[in-house]
Amino acid sequence: MRVLVVDDSPENRVLLTSLLKPVGFEVVEATNGQEALEHFQSFSPHVIFMDMRMPVMDGYEATRRIKATEAGHDTPVIAVTASVFGDIGDKIGKAGADSYILKPFREEEVFGNL
């Protein structure tokens with residue numbers, strides 16, 4: 001299974017990648033939404049873990065653009081966010097994400113979304 005991990009924080013990318021690779025997932029990393037779009041086209045991931053707050057292009061816009069494509073319509077996008085505001089689930093859902101996990105996340109949450 002191919003997984004795209006998108007986060008501007010190297011530590012967060014390493015954490016997700018270190019959970020996924022040892023159990024057989026093929027992982028590609030992106031540091032912002034623009035890179036995510038490029039990797040989405042070239043890598044064709046089965047699932048995307050998308051940070052929502054990033055420079056260049058945020059995860060909201062990247063998710064909207066991915067979900068607007070034929071291939072992206074069926075690709076699960078799991079939002080990863082540190083925001084705890086009450087309406088965050090609504091905002092993430094409106095962008096097109098299929099679900100979300102809060103930072104700091106637990107291993108069970110990551111695997112529970114795959």
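Bear in mind the structure is a predicted one, so any value in this text is a computation, not a measurement. Residues: numbered from 1 along the sequence shown. Note: hydrogens, waters and symmetry copies are ignored here, and every other heavy atom, side chains too, is used.
Inter-residue side-chain proximity for I48 and F40 is flagged as met; some heavy-atom pair is nearer than 4.5 Å. Considering only heavy atoms from C-beta on, H46 stays 4.5 Å or farther from T75 through its side chain. Side-chain atoms of V56 and E35, non-hydrogen and from C-beta on, never get closer than 4.5 Å to each other. Looking at heavy atoms from C-beta onward, E26 lies out of side-chain contact with V3 at the 4.5 angstrom threshold. Counting heavy atoms from C-beta on, the side chains of R2 and V27 never come closer than 4.5 Å. In this structure the side chain of N32 never reaches within 4.5 angstrom of the side chain of V6, judged on heavy atoms. In this structure the side chain of V110 reaches within 4.5 angstrom of the side chain of F49, judged on heavy atoms. In this structure, the side chains of N113 and D98 stay at 4.5 Å or more apart for every pair of heavy atoms.
F43 and V47 fall into different hydrophobic clusters, where Ile, Leu, Val, Met, Phe, Trp and Tyr residues are linked whenever their side-chain heavy atoms come under 4.5 Å apart, directly or through other members. I101 and M52 sit in two unconnected hydrophobic clusters of ILVMFWY residues. Membership requires side-chain heavy atoms under 4.5 Å apart, directly or through other members. Under the 4.5 Å side-chain heavy-atom criterion for ILVMFWY residues, no single connected hydrophobic cluster contains both L102 and F111. Placement of F25 and V28 in two distinct hydrophobic clusters is found when ILVMFWY residues are connected by side-chain heavy-atom separations under 4.5 Å, directly or transitively.
Across D7 and S9, no two heavy atoms sit closer than the pair OD1-N, 2.8 Å. Nearest heavy atoms, A30 versus A36: CB-N, 3.7 Å. Nearest heavy atom pair, residue I66 against residue M50, reads CD1-CE, 3.9 Å.
Annotation: the span from T63 atom OG1 to M57 atom CE amounts to 10.5 Å, rounded to 0.5 Å. Here the straight-line distance linking atom CG of L114 with atom CE of M1 works out to 6.0 Å at 0.5 Å rounding. K103 NZ to T81 OG1: the interatomic distance, rounded to the nearest 0.5 Å, is 7.0 Å.
The salt bridge (charged side-chain N to carboxylate O under 4.0 Å, His left out) check on K21 picks up nothing, with sequence neighbours excluded.
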Is there a side chain to side chain contact (heavy atoms under 4.5 Å, CB included) between T31 and M54 once you walk through the steps? CA-CA 8 Å; T31 62; M54 298 177 288; over 6 Å; no
After noting the C-alpha distance and the side-chain angles of Y100 and I78, does the key distance pass the side chain to side chain contact (heavy atoms under 4.5 Å, CB included) rule? CA-CA 5 Å; Y100 68 94; I78 314 307; 5.7 Å; no
Hey, mind stepping through F105 and V80 against side chain to side chain contact (heavy atoms under 4.5 Å, CB included) and telling me if it holds? CA-CA 8 Å; F105 51 82; V80 183; 4.1 Å; yes
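Taking a cutoff of 4.0 Å between a charged side-chain nitrogen and a carboxylate oxygen, D8 and R53 do not qualify as a salt bridge. Contact check on K67 versus D74 returns no salt bridge, with no Lys/Arg side-chain nitrogen under 4.0 Å from an Asp/Glu carboxylate oxygen. Between E29 and R13 there is a salt bridge, with a side-chain nitrogen of the basic residue lying less than 4.0 Å from a carboxylate oxygen of the acidic one.
Here the side chain of T69 pairs no donor or acceptor atom with the backbone of R65 at under 3.5 angstrom. Checking side-chain atoms of E109 against main-chain N and O of R106 turns up a donor-acceptor pair under 3.5 Å.
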